[in-house]
Trainee: 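Here it is, the structure in full.
From a predicted model like this one, the values you see are computed outputs, not experimental measurements. Letters A, B, ... mirror the listed sequences (proteins, then strands); counts begin at 1.
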Amino acid sequence: MSVSSLTDTRWRSNFRRRLRAWYKRQARDLPWRRSREPYQVWISEIMLQQTQVSTVRPYFQRFIRSFPNIASLAAADEQDVLRHWEGLGYYRRARQLHRAAQQVVAEFGGQLPREPDRLRTLPGIGPYTAGAILSIAFDAREPILEANTTRLLARLLAYRGDVGSAAGQRTLWALAAALLPRKDVGRFNQALMELGSLVCKPRAPACNACPVRTWCGSAAHGLQDQIPKAARKTAYEEIREAAVIIRRRGRVLLRRCGPDERWSGLWDFPRVPLSAGDPAALAGELTRKVHRLTGVIAAEHRHLKTIKHGVTRFRITLECFEAAYVENAASQPHISPQKWLWPKQLPSYPLNSTGRKLAGLVAGHPPPAGQAARGQRTNPRRRAYAP
DNA sequence: AAAGCGGGGCC
DNA sequence: GGCCCAGCTTT
């Protein structure tokens, strides 16, 4: 199959027929396929950005139950929306989705617009998502291009260039557009993705089970393992950080991540970068950095565990500590909100994944009785100051 | 054009 | 341990 054969009408209709027949038999029963309501299509497409189907499945159901329509999402608390996103990653999606719902209410009368240009003005909706919503929900004749179809179409074309380059994107979008049927466009687009996901897989594609192998340039030459060309360079950076559970009379200190840091909008235990100094200086470094971050002085650090995790281009070794509150000695007001929370309150705050793990430790290990008593002496109970 | 943004599945 | 995922936005 080559770009020049795009003008061959008969070829394209045969391709579409084979693909649809396959999809009719093999389509998975996914929650978001049970409704073509624009709102539900929208939610699913945002959740599915860079996120696998199996991961999204339970999130979608809970989200729709809690926010059944655009108006209820627009009226919700951002924290509540984030809580439904907890664990899904790319939390900017949730904040943008929330803002977009408010924009739809304010500017579009509460209905998703059917015009591509207006749909694209909503935060979080780019070329793919707009095409997906318009074709699936409104049966508009709009192409899509994402991970599955990029691989599928590149293999069909035996495209040897970089599929991520501007030229590669132009070529593949053009093919996606040229293949579109006149009607039932959404089902066709989903069939392309499904084929890419179930058959035309990244490794060991099941070419023998492929309904469109006849037209595949890669299968014809045995190139399916080399196309698309892998252009990924990981280049991780190893860093060390520390997170501290600071206990104060039964409660623990949480802070909300600011707009310019990771996990913006989510809550986390106080977390600081750790220099690779000698272990003896660790306690002092922790006390100093946590104080600078939170205004709170904590001591008697006890190491709990080490968690390794990755985010974007960092491999993080996270040293988790427990510490006792000494005093609040903030030299300046802190922009990011922070709160002392009872362990039972933690589940109602949106946390990042390591924060969630530490929250589990808090619940499982209540503070020793002696520590609470010591905290009480150094910090006698008093009335809260009126603001 | 490249970087930032998460977390889990899978080999 | 590295690759991958129904991408979008900012620099």
Trainee: Please state how far atom OH in A:Tyr90 lies from atom C1' in C:dT9, giving the value in whole angstrom units.
Mentor: 12 Å
Trainee: So which nucleotide from C:dA6, B:dC5, C:dG7 ends up closest to the side chain of A:Gln50?
Mentor: C:dG7
Trainee: Whole-Å distance between C:dA6 C1' and A:Ile125 CD1?
Mentor: 14 Å
Trainee: Of the options C:dA6, B:dG4, C:dC4, whose atoms approach the side-chain atoms of A:Arg313 most closely?
Mentor: B:dG4
Trainee: Please measure how far the P atom in B:dG9 lies from the corresponding atom in C:dC8, and state the result in whole Å.
Mentor: 24 Å
Trainee: So, A:Arg93 versus A:Thr51: side-chain donor-acceptor pair below 3.5 Å or not?
Mentor: yes
Trainee: Students often get this wrong, so: under 4.0 angstrom with heavy atoms, is A:Ser264 touching a base, only sugar-phosphate, or nothing?
Mentor: nothing
Trainee: Want to settle it: does A:Trp32 or A:Gln96 sit nearer the 5' end of DNA chain C, counting the closest nucleotide to each?
Mentor: A:Trp32
Trainee: When you measure from the side-chain N and O atoms of A:Arg315 to the phosphate of C:dG2, is any distance below 4.0 Å, counting only OP1 and OP2?
Mentor: no
Trainee: Looking only at side-chain atoms of A:Pro202, point me to the closest of C:dC5, B:dC5, C:dA6.
Mentor: C:dC5
Trainee: Quick one: label A:Ala132 by what it contacts on the DNA or RNA (base, sugar-phosphate, nothing), any heavy atom closer than 4.0 Å.
Mentor: nothing
Trainee: Please figure out whether A:Gly164 or A:Arg262 has its closest DNA chain B nucleotide nearer the 5' end.
Mentor: A:Gly164
Trainee: For a quick test of reading the model: is some side-chain N or O of A:Trp85 closer than 4.0 Å to OP1 or OP2 of B:dG7?
Mentor: no
Trainee: First locate atom NZ of A:Lys357, then atom CG of A:Leu318, and finally report the distance between them rounded to the nearest 0.5 Å.
Mentor: 9.5 Å
Trainee: Answer with base, sugar-phosphate or nothing: what part of the nucleic acid does A:Arg33 contact at a heavy-atom distance below 4.0 Å?
Mentor: base
Trainee: Just say parallel, tilted or perpendicular for the rings of A:His309 and A:Trp263, cut-offs at 30° and 60°.
Mentor: parallel
Trainee: Judged by modelled atom types alone, do A:Arg213 and A:Asn208 share a side-chain donor-acceptor pair under 3.5 Å?
Mentor: yes
Trainee: Can you name the closest pair of heavy atoms from A:Cys320 and A:Ile307 and give their distance?
Mentor: SG-CD1, 3.9 Å
Trainee: So which nucleotide from C:dA6, C:dC8, B:dC5 ends up closest to the side chain of A:Pro127?
Mentor: C:dC8
Trainee: State whether A:Ser353 places a side-chain N or O below 4.0 Å from either non-bridging phosphate oxygen (OP1 or OP2) of B:dG7.
Mentor: yes
Trainee: Atom CD1 of A:Ile46 to atom P of C:dT9: distance rounded to whole Å?
Mentor: 8 Å
Trainee: Please figure out whether A:Gln52 or A:Arg120 has its closest DNA chain C nucleotide nearer the 5' end.
Mentor: A:Gln52
Trainee: Could you give the distance separating C:dT11 and B:dG6 at their P atoms, to the nearest angstrom?
Mentor: 16 Å
Trainee: Using OP1 and OP2 only, check whether a side-chain N or O of A:Gln49 sits under 4.0 Å from C:dG7.
Mentor: no
Trainee: Check this for me: does the side-chain of A:Thr51 come within 3.5 Å of the base of B:dG6 through a donor and an acceptor?
Mentor: yes
Trainee: Rounded to the nearest Å, what distance is computed from the CG atom of residue A:Asn352 to the P atom of nucleotide B:dC5?
Mentor: 13 Å
Trainee: Starting at CZ of A:Arg92 and ending at C1' of C:dT9, how long is that distance when rounded to a whole Å?
Mentor: 5 Å
Trainee: More than 12 heavy atoms of other residues, nucleotides or ligands under 6.0 Å from CZ of A:Arg28: yes or no?
Mentor: yes
Trainee: Let me know the distance between CD1 of A:Ile307 and P of B:dG6, rounded to the nearest Å.
Mentor: 17 Å
Trainee: Atom OH of A:Tyr236 to atom P of B:dG7: distance rounded to whole Å?
Mentor: 13 Å
Trainee: Take atom CD1 of A:Ile239 and atom P of B:dG6, then tell me their distance rounded to the nearest Å.
Mentor: 14 Å
Trainee: Determine the interatomic distance between P on C:dA6 and the same-named atom on B:dG4; round to the nearest Å.
Mentor: 24 Å
Trainee: I want to confirm an ordering. Mapping A:Ala166 and A:Tyr91 to their closest nucleotides on DNA chain B, which one lands closer to the 5' end?
Mentor: A:Ala166
Trainee: Do A:Thr55 and A:Gln52 get their side chains close enough for a donor-acceptor pair, meaning under 3.5 Å?
Mentor: no
